[in-house]
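Structure first, commentary second.
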Amino acid sequence: MAIDVRVPTVLRTHTDGEKKVSADGATLHEAIRDLGRRYPGLAERLLDADGSLHRYVNVYVNDEDVRFLGGAQTPLEDGDEVSILPAVAGG
Amino acid sequence: MTRAEMDGDFELDLSTYDALVEHARSDAPFEVCGLLATDDGSRVAVQYEIPNAARSMTYYNMDPKAMLRAFRDMDDREWELLAIYHSHTHTEAFPSKTDVELAFYPDAVYLIVSLQDPGAPVVRAFNIRDGKITERALTVDGEEASVGAR
């Protein structure tokens, strides 16, 4: 299953500068784990120790915020596009 | 006024500066936020006003979908993120503890518009990297911006 993942500039240090990478997985969590095997450090930037998504990272599947889908357990289909953006927040 | 180590300049054009202050005033006392993109590494090509999903007087969190649209637009045009701005409606234009904790964009300039004195808004520019704040001396159309008493 091929998932396209758009990597934001701030995380491209993990992907050798690649803007778009390919991942494999039936859920978002599996796809992130797959990326983590090939791009060390990337999964830790996205997932907490318990496997849920970091609170301050926005992840989208086909431009929908996964907080309103199934979070890390959001199912993925062949050809889906995952986008990642660290949150912009403060006080 | 709180200070940090100074590290270089940051140049804004007057119309962008005015637009930031106007945006800050438009939703006071709530904090506003947005992004500036550049097409040449320093000139502002566009300002994206992003809704503050928190709509709070002390906190901002960019609306995730609006933020995605802005970043997608930058990508499509091959523009880069230049700066992240937000307003402080009751405190000075200096990064708060939360601003430092949640600074996930080390290459961006963080602009803070303070409306603490509503008649005399102050804009200051910072880099926030690994928890460390450095200030960029803000110039507007080549003139040093007023930051109140230094």
Shared hydrophobic cluster for B:Tyr59 and B:Phe126 (ILVMFWY, side-chain gaps under 4.5 Å): yes
Option among B:Leu102, B:Ile50, B:Ile84 that satisfies the side chain to side chain contact (heavy atoms under 4.5 Å, CB included) test with A:Val88: B:Ile84
Same apolar cluster: B:Val46 and B:Leu35, side chain cutoff 4.5 Å: yes
Within one Ile-Leu-Val-Met-Phe-Trp-Tyr cluster: A:Tyr56 and B:Leu81, side-chain cutoff 4.5 Å: yes
A:Tyr60 versus chain B, the contacting section by heavy-atom distance below 4.5 Å: side chain
Nearest non-hydrogen partners of B:Asn61 and A:Ala87, listed with the distance: OD1-CB, 4.4 Å
Segment of B:Phe104 engaging chain A (4.5 angstrom heavy-atom cut-off): both
Heavy-atom closest contact (A:Gly91 atom, B:Glu31 atom, distance): O-OE1, 3.2 Å
Common cluster, A:Val5/A:Leu69, ILVMFWY with side-chain heavy-atom separation under 4.5 Å: yes
Neighbour count above 12 (heavy atom, 6.0 Å) for B:Asp117 CG: yes
Atom group of B:Ser96 that falls short of 4.5 Å from chain A, counting heavy atoms: side chain
Top of B:Arg69, B:Met57, B:Met67 for chain A proximity - count of heavy-atom pairs under 4.5 angstrom: B:Met67
Per-residue contacts, residues 9-17 of chain A versus chain B, heavy atoms under 4.5 Å: A:Val10, A:Arg12
Shared hydrophobic cluster, B:Leu14 / B:Leu12 (ILVMFWY, side-chain heavy atoms < 4.5 Å): yes
Gap between atom CG of B:Leu68 and atom CG of A:Asp63 - 0.5 Å precision: 5.0 Å
Heavy-atom neighbours of B:Glu80 CD exceed 12 at 6.0 Å: no
Other residues, nucleotides, ligands: >12 heavy atoms within 6.0 Å of B:Glu22 CD: no
CG on B:Asp75 to NZ on A:Lys19, rounded to 0.5 Å: 4.5 Å
Chain B neighbours within residues 28-53 of chain A, where any heavy atom lies under 4.5 Å away: none
